[in-house]
Amino acid sequence: MESEKKSSAVSDVGAWAMNVFSSVGLIMANKQLMSAHGYAFSFATTLTGFHFTVTALVGLLSNATGYSVSKHVPIWELLWFSIVANMSITGMNLSLMLNSVGFYQISKLSMIPVVCLMEWILHNKRYSKEVKLAVVVVVTGVGVCTVTDVKVNLKGFICAAVAVLSTSLQQISIGSLQKKYSIGSFELLSKTAPIQAISLIVLGPIVDYCLNDKFIFKYKMSLGTTMFILLSCSLAVFCNVSQYLCIGRFSAVSFQVLGHMKTVCVLTLGWLLFDSELTFKNIMGLVLAVIGMVIYSWAVELEKQSIAKVNHHAKNSLTEEEVRLLKGDLGTAPVKDIELGQSKV
């Protein structure tokens, strides 16, 4: 029993580590690929289509070699999920284009309370005071170190609202679909990735043109661009797999809260590698965010222990009641002679 708990803890840490490292690596690779000082490949939606294409190919190869087993999920569920996921990607890109960086960060931070609200509405899930306190501390800390200028307009606000709602719904749906159809994280990703890949490859160039006034077909590819696109796609496979794995093992709220560790890592690496400015305000925000994550981890563990105690107490109470009733029956009922079918005197 103890070894199973240790094995589960190691798997949990491994899933989080994979998500953090692959996400941070992906952000760094994309920064070099898309920035004006890098290769100026400013086609984010199409690039995401490339990501899901490679992920879909890995899934198909895994199924063909027998590494993973394909389970049935209704096509309408997959289509609905893919539409929501693509709305999330497109909405985020449009929100970043139409709003200031400050408001974009605020909209990302609002996902945690939105996920909590949606889980309460959809699954009647409630949270302890400690968890709520931790969420407030994390959101405040990340807000302090990332939010600067805040400018918003009606179109930008609508796009941000669509992005937040669709992203929150997508992350909740990942866990729900895995439980509903008893399907693993990689198997679910293998089924949704081809649909997302096809739709984003078709619609991506159009969306990117609206964002940049540039067609991807006019971009001059170089060896460096190709290498970074391949690196980005490789990291995206690990990022996508670990996202589904983490939400399946934990919850959408936990994924959002501890996912802000990526923000901390990106800001720190930006300061170390790209000479980004790191002010006292940034440092205080980072420290506050990390404290919030520690509080959240403690609060979740406290909640688990509380639930375990209640379940253990209920199980013991039920056992005692059954024993009492059994003893009562034995005390009052006559003992039967099974062979003769008569009561013994």
Side-chain angles (χ1 to χ4, degrees), residues 14-15 17-35 38-71 73 78-79 81-90 92-93 167 170-171 173-174 177-178 183-208 211 215-217 219-248 255 259 262:
M18 185 196 294
N19 185 257
V20 170
F21 284 119
S22 61
S23 298
V24 173
L26 180 62
I27 291 168
M28 293 294 131
N30 286 351
K31 187 170 184 177
Q32 178 63 25
L33 181 62
M34 302 178 72
S35 68
Y39 294 100
F41 186 84
S42 56
F43 309 99
T45 312
T46 307
L47 180 62
T48 308
F50 294 159
H51 291 168
F52 280 105
T53 300
V54 175
T55 303
L57 291 173
V58 171
L60 289 172
L61 182 63
S62 176
N63 289 332
T65 54
Y67 179 78
S68 59
V69 180
S70 180
K71 292 186 179 180
V73 179
L78 298 175
L79 287 171
F81 175 84
S82 299
I83 290 169
V84 172
N86 288 348
M87 284 176 64
S88 165
I89 295 165
T90 307
M92 280 295 180
N93 289 338
T167 303
Q170 179 218 8
Q171 293 183 355
S173 299
I174 290 173
L177 288 173
Q178 287 186 50
I183 188 171
S185 54
F186 186 71
E187 286 76 17
L188 179 61
L189 179 60
S190 299
K191 287 185 173 295
T192 58
I195 302 172
Q196 287 187 254
I198 293 168
S199 55
L200 288 173
I201 289 294
V202 172
L203 298 175
I206 300 170
V207 174
D208 288 331
L211 292 171
F215 266 125
I216 189 173
F217 308 108
Y219 180 83
K220 292 183 180 180
M221 296 289 288
S222 66
L223 179 62
T225 307
T226 305
M227 294 299 293
F228 266 91
I229 288 175
L230 291 173
L231 175 62
S232 180
C233 289
S234 301
L235 289 169
V237 172
F238 289 100
C239 186
N240 288 330
V241 171
S242 60
Q243 179 188 4
Y244 279 58
L245 189 62
C246 287
I247 294 175
F255 182 77
K262 291 177 279 189

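These values consider heavy atoms only, across backbone and side chains, with no hydrogens, waters or symmetry-generated copies.
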Among all residues two or more places apart in sequence or in another chain, which pass the side chain to side chain donor-acceptor pair (under 3.5 Å) test with [X]?
X: Asp208; answer: Thr45, Thr46
X: Ser242; answer: Asn19
X: Ser222; answer: Thr225
X: Ser42; answer: none

At what distance, to the nearest 0.5 angstrom, does [atom1] of [X] lie from [atom2] of [Y]?
X: Thr53; Y: Ile198; atom1: OG1; atom2: CD1; answer: 8.5 Å
X: Leu78; Y: Ile195; atom1: CG; atom2: CD1; answer: 5.0 Å
X: Asn63; Y: Lys191; atom1: CG; atom2: NZ; answer: 7.5 Å
X: Ile201; Y: Phe52; atom1: CD1; atom2: CZ; answer: 11.0 Å

Please report the closest heavy-atom contact between [X] and [Y], naming both atoms and the distance.
X: Gln178; Y: Gly184; answer: OE1-C, 4.1 Å
X: Val202; Y: Ile206; answer: O-CD1, 4.1 Å
X: Gly59; Y: Phe186; answer: CA-CZ, 3.9 Å
X: Ser22; Y: Cys239; answer: OG-CA, 3.3 Å

Are Phe43 and Phe41 near enough that their ring centres are under 6.0 Å apart?
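Yes, they do, as the ring centres are separated by less than 6.0 Å.
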
What do you reckon, is CZ of Phe21 surrounded by more than 12 foreign heavy atoms closer than 6.0 Å?
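No - once you tally the heavy atoms of other residues, nucleotides and ligands closer than 6.0 Å, there are 12 at most.
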
Greater than 12 external heavy atoms within 6.0 Å of Met227's CE:
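Open: at most 12 neighbouring heavy atoms sit under 6.0 Å from CE of Met227.
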
Matching residue for Gln170 among Thr192, Asn86, Val84, Ile89 - test: side chain to side chain contact (heavy atoms under 4.5 Å, CB included):
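Only one option passes, and that is Val84.
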
Give me the one residue out of Val58, Thr55, Ile174, Leu245 that meets side chain to side chain contact (heavy atoms under 4.5 Å, CB included) with Leu189.
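For Leu189, the side chain to side chain contact (heavy atoms under 4.5 Å, CB included) check succeeds only for Thr55.
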
Is there a side-chain contact between Gln243 and Gln171 (heavy atoms, below 4.5 Å)?
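Yes, their side chains come closer than 4.5 Å.
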
Check whether any side-chain heavy atom of Met34 sits under 4.5 Å from a side-chain heavy atom of Tyr39, and report yes or no.
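A side-chain contact under 4.5 Å is absent here.
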
Under the rule for side-chain contact (heavy atoms from CB on, under 4.5 Å), what residues qualify as partners of Ser35, not counting sequence neighbours?
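So Ser35 forms a side-chain contact (heavy atoms from CB on, under 4.5 Å) with His37.
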
Please tabulate, one pair per line, all N/O donor-acceptor pairs under 3.5 Å involving side-chain atoms of residues 228-236, not counting sequence neighbours.
residue : atom : partner : partner atom : Å
Ser232  : OG   : Asn30   : OD1          : 2.7
Ser232  : OG   : His51   : NE2          : 2.7
Ser234  : OG   : Leu230  : O            : 2.9

Donor-acceptor contact below 3.5 Å, side chain Thr90 vs main chain Met87:
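Not a single qualifying donor-acceptor pair exists.
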
